[in-house]
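Proteins get letters first, then strands, A, B, ... in listed order; numbering begins at 1 in each.
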There are 2 protein chains.
Amino acid sequence: MAATIKDIAKQLNISVSTVSYALNGGPRSVPDDIRESVLRVAKELNYRPNRVARSMVTGKSDTIGVVPPEVTDNVFLSPYLHLALNGIINEAGRQHQDVLLFTRCSEVDRDELASILVDGRVDGVIFIAPHFSEKSVELAASLHSPCATVSGVPLDGVLSFSVDNESGVASAMGHLYGLGHRKIAHIAGRLDMQDALVRLQAYQAFLRNHHISYREEWVGMGQFTIDGGRRAMAQLLTLPEPPTAVFCANDEMALGALFEAHSRQVRVPEDISIVGFDMTPGSENVYPGLTTVRQPIGELSAAAVRALKALIDGKEPQEPTVFQTELIIRQSTTCPKEHKS
Amino acid sequence: MAATIKDIAKQLNISVSTVSYALNGGPRSVPDDIRESVLRVAKELNYRPNRVARSMVTGKSDTIGVVPPEVTDNVFLSPYLHLALNGIINEAGRQHQDVLLFTRCSEVDRDELASILVDGRVDGVIFIAPHFSEKSVELAASLHSPCATVSGVPLDGVLSFSVDNESGVASAMGHLYGLGHRKIAHIAGRLDMQDALVRLQAYQAFLRNHHISYREEWVGMGQFTIDGGRRAMAQLLTLPEPPTAVFCANDEMALGALFEAHSRQVRVPEDISIVGFDMTPGSENVYPGLTTVRQPIGELSAAAVRALKALIDGKEPQEPTVFQTELIIRQSTTCPKEHKS
DNA sequence: GAAGGGTTGAGAAACGTTTCGGAGAACCAG
DNA sequence: CTGGTTCTCCGAAACGTTTCTCAACCCTTC
């Protein structure tokens, strides 16, 4: 039985509109004495404005929605999603927005996913690393509801924030190449995701540019997971001619590769060098520390929130933004054996 | 300009109530032919129900709120909060609930925090590890809105989920004691949080029960953070008589302690043993692997969601639930030096 | 003292749903 | 044919806000 604006009005024998104006410093002024008594009675009755009712009228909710790439158990354990979500939350707080997490996208069909985008509970939506097959981004764009993607395909009507994968991959591969590696394998992520595909292509482009022939058996599919990385590494290590270095499309697969190497008594980096991508917290404290490509996931996500908020506020949509990466050299990479002695 | 129920009614020349019944399989039946045409037109018009309006009438939102212990930048980077949030999201999805993250608790006063609890956007709230000073839990309880705490103080009218800290601490301390350690220090967490306080007390109780005298200088304050753990460890290591083992109230502080030991050329576990608490993912892959006390944070949080949902659905409130811990012995603990040779 | 402007506050509409009350039609049993 | 039950479906109320319209009043100013 929460108190409403009507209760206040009744108690003071004034109209609800006056109460509303007083409470909000509303579009109209009210005399000081009335305002004070309204505030007093509001406090007495323990009045709390009902945000749902307000949303109903204003059409605003001060809440932004976040759609994960998929909804399976423990998606949010992914370090990438973790960093992205953290960045979103940080910035959302600053922008005075709450965050609504959609947890039910998988069990409903795409149509319904679209419905949650426009059901009035959020002012805008951020899609984190959507799959190519995910139609809801286009749907959201076609509904003209403010939306943004983090690491998605740039699309008309959608704010887009991504990282310069090409130069990131080039720096990682260049590092290995510079150390003398020529037998460089790649463990790719889920190819139905933008980052994975682009990184694979950039890997291939690097080989081409450096006149190294592309060998299909040196590309493993790691699905962006630790286990996937392990399996892919296992395959690579049992090849008749194994590579001397592995570039992984994210840190989790790199960790998996590292663990697989450990369990097969293959030394890292002496026997094989490993490079990751993302610079997740977990890449730092393993043994040996993982050489990786830092991408500013948090900043990228925060920028998405900022731009989304601006769009919601009626500003002009921001152009697609590409963030730069940075190579972080740690202990998991060194010269190939043949080169050394 | 989203289509509404009215548009459907107008197009078919029937009343909105009939449309609503048809759409919802509502409390009343409608003839099959009408239902079908309603569904058809709804599809044609791309109709999406407005959840806000529905909430308004039904008073339900199918959304549960999550309140972090505090809102500062990067709170959600905390592995504890990460695991808790992940557990909540997993279970919320299963219970067909979305998750609203409150990002704005710090800048508003407690009163306002309470207001977001009952502003109609959520059906219930989960407080994760609230501080003692946090009045909003009591406030929420007094407002009779469904709420739960994870690792909070048990309180009337609040569902409570926590872990058996006493036995967890006893198993960790017992492990060190069994290895021969008698000089056991403790790095405590934020003492304005339930878990930290109880673990400190359990540490003291263990010493008492084993007739080891309590030494104040062997208790460091680590604030539950890596940096705090580092600083506390630095102090312990510069003591005239340093301890041979350190029991930390969480894994992050244990990692901090580990790193500090590394940087001072103090070997772990040969020179000093370290035990953590939580079994966060980060504790596994460091060198040496961290002995720790596993607490099922995810399950605990999931249970909170389940119980909260049941309460929202009008079931009887579940009794406070205490989860058991499990000692995970890895490589960061061994016998003290004096004992060995 | 009348015209005009500004201030004040009451009343009501609107947002999009759900669901109740009840009117009319159809059907059945007596 | 009558009385009761069941089926249809319309109209309207309700949820709690925000904000518009409009009337009443007060104060200038000519």
Side-chain angles (χ1 to χ4, degrees), chain A residues 1-38 41-42 45-63 115-123 143 145, chain B residues 1-38 41-42 45-63 115-123 143 145:
Chain A
M1 222 61 25
T4 74
I5 217 173
K6 271 187 198 162
D7 299 323
I8 301 179
K10 206 171 294 173
Q11 179 143 346
L12 287 171
N13 257 320
I14 58 179
S15 75
V16 291
S17 49
T18 306
V19 176
S20 175
Y21 294 142
L23 250 23
N24 300 337
R28 295 209 196 153
S29 62
V30 295
D32 285 348
D33 54 336
I34 295 200
R35 151 186 272 98
E36 273 162 33
S37 56
V38 167
V41 173
L45 296 182
N46 222 337
Y47 168 77
R48 315 272 170 209
N50 182 316
R51 298 271 305 264
V52 172
R54 176 181 295 165
S55 278
M56 182 96 222
V57 175
T58 62
K60 283 275 184 304
S61 63
D62 282 337
T63 303
S115 97
I116 62 185
L117 304 179
V118 291
D119 65 10
R121 294 184 299 167
V122 298
D123 296 337
L143 291 166
S145 48
Chain B
M1 224 61 26
T4 73
I5 216 173
K6 271 188 198 160
D7 299 322
I8 301 179
K10 205 171 293 172
Q11 180 143 348
L12 287 170
N13 258 318
I14 58 179
S15 75
V16 290
S17 49
T18 306
V19 176
S20 175
Y21 294 142
L23 250 24
N24 300 336
R28 295 197 195 166
S29 64
V30 295
D32 284 348
D33 54 336
I34 296 199
R35 152 186 273 97
E36 273 162 33
S37 57
V38 167
V41 173
L45 296 181
N46 222 336
Y47 168 77
R48 315 272 171 209
N50 182 314
R51 298 271 305 264
V52 171
R54 177 181 293 166
S55 278
M56 182 98 219
V57 175
T58 63
K60 283 276 184 303
S61 62
D62 282 337
T63 303
S115 96
I116 61 186
L117 304 178
V118 291
D119 65 10
R121 293 183 300 167
V122 297
D123 296 337
L143 291 167
S145 48

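A:Ser29 comes within 4.0 angstrom of sugar-phosphate atoms only, judged by non-hydrogen atoms across all strands, and of no base.
If you check the side chains of A:Arg121 and B:Thr63, you find a donor sitting under 3.5 Å from an acceptor.
Projected onto DNA chain D by closest heavy-atom contact, B:Pro31 and A:Val52 fall at different nucleotides, the more 5' of which corresponds to B:Pro31.
Counting to the nearest Å, the P atom of C:dG16 and the CD1 atom of B:Ile5 are 11 Å from each other. We find that CG of B:Leu12 is positioned 13 Å from C1' of D:dC9, with the value rounded to whole Å. Whole-Å rounding puts the A:Arg48 CZ to D:dG16 C1' distance at 16 Å. In this entry the distance linking CZ of B:Arg51 with P of C:dT17 reads 12 Å, nearest Å.
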Throw together a table of side-chain donor-acceptor distances under 3.5 angstrom for residues 25-37 of chain A, partners on residues two or more places apart or in other chains.
residue : atom : partner : partner atom : Å
A:Ser37 : OG   : A:Asp33 : O            : 3.3
A:Ser37 : OG   : A:Ile34 : O            : 2.9

Using distance only, find each side-chain donor-acceptor pair of residues 2-12 of chain A under 3.5 Å and give its atom names and separation, not counting sequence neighbours.
residue : atom : partner : partner atom : Å
A:Thr4  : OG1  : A:Lys6  : N            : 3.1
A:Asp7  : OD2  : A:Thr4  : N            : 2.8

Extract from the structure each pairing of a protein N or O with an N or O of nucleotides 11-15 of chain C at less than 3.5 Å, listing the distance.
residue : atom : partner : partner atom : Å
C:dG11  : O6   : A:Ser17 : OG           : 3.1

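The two atoms that bring A:Ser61 and A:Ser55 nearest to each other are CA-OG, 3.6 Å, heavy atoms only.
Look at B:Ser20 and you won't find any side-chain N or O under 4.0 angstrom from OP1 or OP2 of C:dT17.
Not counting sequence neighbours, A:Asn50 has no partner by the side chain to side chain donor-acceptor pair (under 3.5 Å) test. Residues that satisfy the side chain to side chain contact (heavy atoms under 4.5 Å, CB included) test with B:Asp62, not counting sequence neighbours, are B:Arg51, B:Gln97, B:Asp123.
An angle of 60°, rounded to 10°, separates the two end axes of the helix from C:dG1-D:dC30 to C:dG30-D:dC1, each defined over five pairs.
Under the 4.5 Å side-chain criterion, counting only non-hydrogen atoms from C-beta, B:Val16 is not in contact with B:Ser20.
With C:dT17, D:dC10, C:dT19 as the candidates, the nucleotide lying closest to the side chain of B:Arg28 is D:dC10.
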